[in-house]
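To start, the structure itself, in structure tokens.
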Amino acid sequence: MENNPNGIFFDKLAQVIDSKELIKLIVSNQKNKSSGLLSIIVTIAQLKRGYRLNFVYRHTTKDITKNYEFTEGIELLKEALATDFNNADLFSNHENVTLVTTPAGKVKTSTHEPTLQPFTAFHHDRIKVRLINTIGNIYLRELGITNANWEVRREMSDKYKQINRYIELIEPELKEITLPSDYHVVDMGSGKGYLTFALYDYLANSLGKIPVMTGVEFREDLVQSCNLIAEKSKFDHLNFISGTIEKVELNKIDILIALHACDTATDDAIYRGITSNASLIVCAPCCHKQIRKELNVTNELNNIVKYGILKERQAEIITDTIRAMILEAFGYKTKVFEFISTEHTPKNVMIIGRKTAKENPDKQKIFNDIKAIREVFGIEKHYLEELMRRP
Ligand SMILES: C[S@@+](CC[C@H](N)C(=O)[O-])C[C@H]1O[C@@H](n2cnc3c(N)ncnc32)[C@H](O)[C@@H]1O
């Protein structure tokens, strides 16, 4: 083994993978310089189905992420170093190990003091491995979520958790729908684009289904900065346009998301989703001013809207219940749940509607039930209900 640098290197690699002390491995320096694959970055990921080796294949124009069982991953690395790359840099808690293949084909290894912070996440089981990879993800860095070393900045860790949670929640829904090959995704009120970029990244790089994606935002400055980041990230099919949720012209919507679109902007978004026959509608409502102003309880329930904060919560419950009922009426299997703990944001309810039928056979009954709710709370109209009544 002493005379077999490759053997030494891969033994060490297997050890640090086994003990979960691998911080990262970078395979680089292509043998064939014209190859589009620049490097491979490998870390350990803790997925629901167990630990895996997470490979980020860095190309000139895109990154592709794949997870492999440990043994399969190690075999792939052996192959990559035999045929495609000359260098491997292993960073572990205790040492850095380098493997170099010289132009004459001679393989050498050397060992150095560790240079990266020890990786202890899996030992304490405290840090969860996230669906959105930080390493090499340009948009996370451009949005200020990660620093120059691809580490999540402390002050942005809530935002990073939020975008991961959001992908985690959408993931099972995406697996339930059938999308055409040229599917369109729209983010209504995309703001700084945190969730737009994360969803594009997940769809294109984790699911391998590149969408045509549009972020709609009325603030021109945000549209410009997001388009710049999309370009830098080489997210070629992601485009941000300046416009309003109500009026923006879109050919087709297969998936619609609207996160924290203010007040009735969420209703406008749901309306656009339903009338476009979108397969999936995902929204996290924001403020609920419209119904709050309309509440006029004159019956024995009047005490439940007596106190400001509780009135606000009632407005939220009524607004979102009716939104969910309307989605059901139009053939969407609908879920309402807490998006992320209130410790991260108070705007934490998420409504997901997945189209399962053209229309609900009980549509009329649902609208009668909505009317009954409105009557109890003295509400003249619910904005989305009005929109849906449009001819
Ligand atoms: C609270 S931010 C949320 C941004 C983003 N969706 C997120 O969750 O990070 C709401 C964004 O929606 C935009 N917005 C609100 N109403 C809109 C409308 N009717 N049409 C287009 N954009 C709208 C605002 O300018 C703002 O950037």
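Every number for a ligand or one of its atoms is a count from 1 in the order of the listing. Keep in mind that what you see is a predicted model, and the values were worked out from it rather than measured.
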Going by the 4.0 angstrom heavy-atom rule, the piece of Ser190 near ligand 1 is backbone
| Counting both backbone and side chain atoms, is some N or O of Leu195 under 3.5 Å from an N or O of ligand 1? | no
Determine all donor-acceptor pairs shorter than 3.5 Å in which one atom belongs to a side chain in residues 175-184; sequence neighbours excluded.
residue : atom : partner : partner atom : Å
Tyr183  : OH   : Lys209  : O            : 2.5

With nothing but distance in play, are any N or O atoms of Val216 less than 3.5 Å from an N or O of ligand 1? no
The atoms of ligand 1 lying under 4.0 Å from a heavy atom of Gly191, numbered in the order shown, are 4 (C), 27 (O)
- Query: Stepwise, does the side-chain hydrogen bond (donor to acceptor under 3.5 Å, both in side chains) test hold for Glu75 with Tyr68?
  - Reply: CA-CA 10 Å; Glu75 283 313 307; Tyr68 300 105; over 6 Å; no
For Thr244, the ligand 1 atoms with a heavy-atom partner under 4.0 Å come out as 20 (N), 21 (C)
What do you reckon, does Gly243 put a non-hydrogen atom under 4.0 Å from ligand 1? yes
Considering distance alone, does some N or O of Gly189 sit under 3.5 Å from an N or O of ligand 1?
yes
### Message
Please tell me whether Phe240 and Phe197 form a close aromatic pair, meaning their ring centres lie under 6.0 Å apart.
### Response
yes
**Report entry** Donor-acceptor contact below 3.5 Å, side chain Glu328 vs main chain Asn360
**Finding:** no
How far apart are the C-alpha atoms of Arg272 and Asp268, what are their side-chain angles, what is the distance that settles it, and do they pass the salt bridge (charged side-chain N to carboxylate O under 4.0 Å, His left out) test? CA-CA 6 Å; Arg272 295 292 306 261; Asp268 288 312; over 6 Å; no
(request) Any chance you could lay out the side-chain hydrogen bond (donor to acceptor under 3.5 Å, both in side chains) test for Asp11 and Gln15, step after step, and finish with the verdict? (result) CA-CA 6 Å; Asp11 277 354; Gln15 262 170 33; over 6 Å; no
The residue among Glu386, Glu385, Glu380 that forms salt bridge (charged side-chain N to carboxylate O under 4.0 Å, His left out) with Arg374 is Glu385
- request: Would you check the N or O atoms of Glu246, main chain and side chain alike, for any that come under 3.5 Å of an N or O of ligand 1?
  value: yes
Considering distance alone, does some N or O of Glu217 sit under 3.5 Å from an N or O of ligand 1? yes
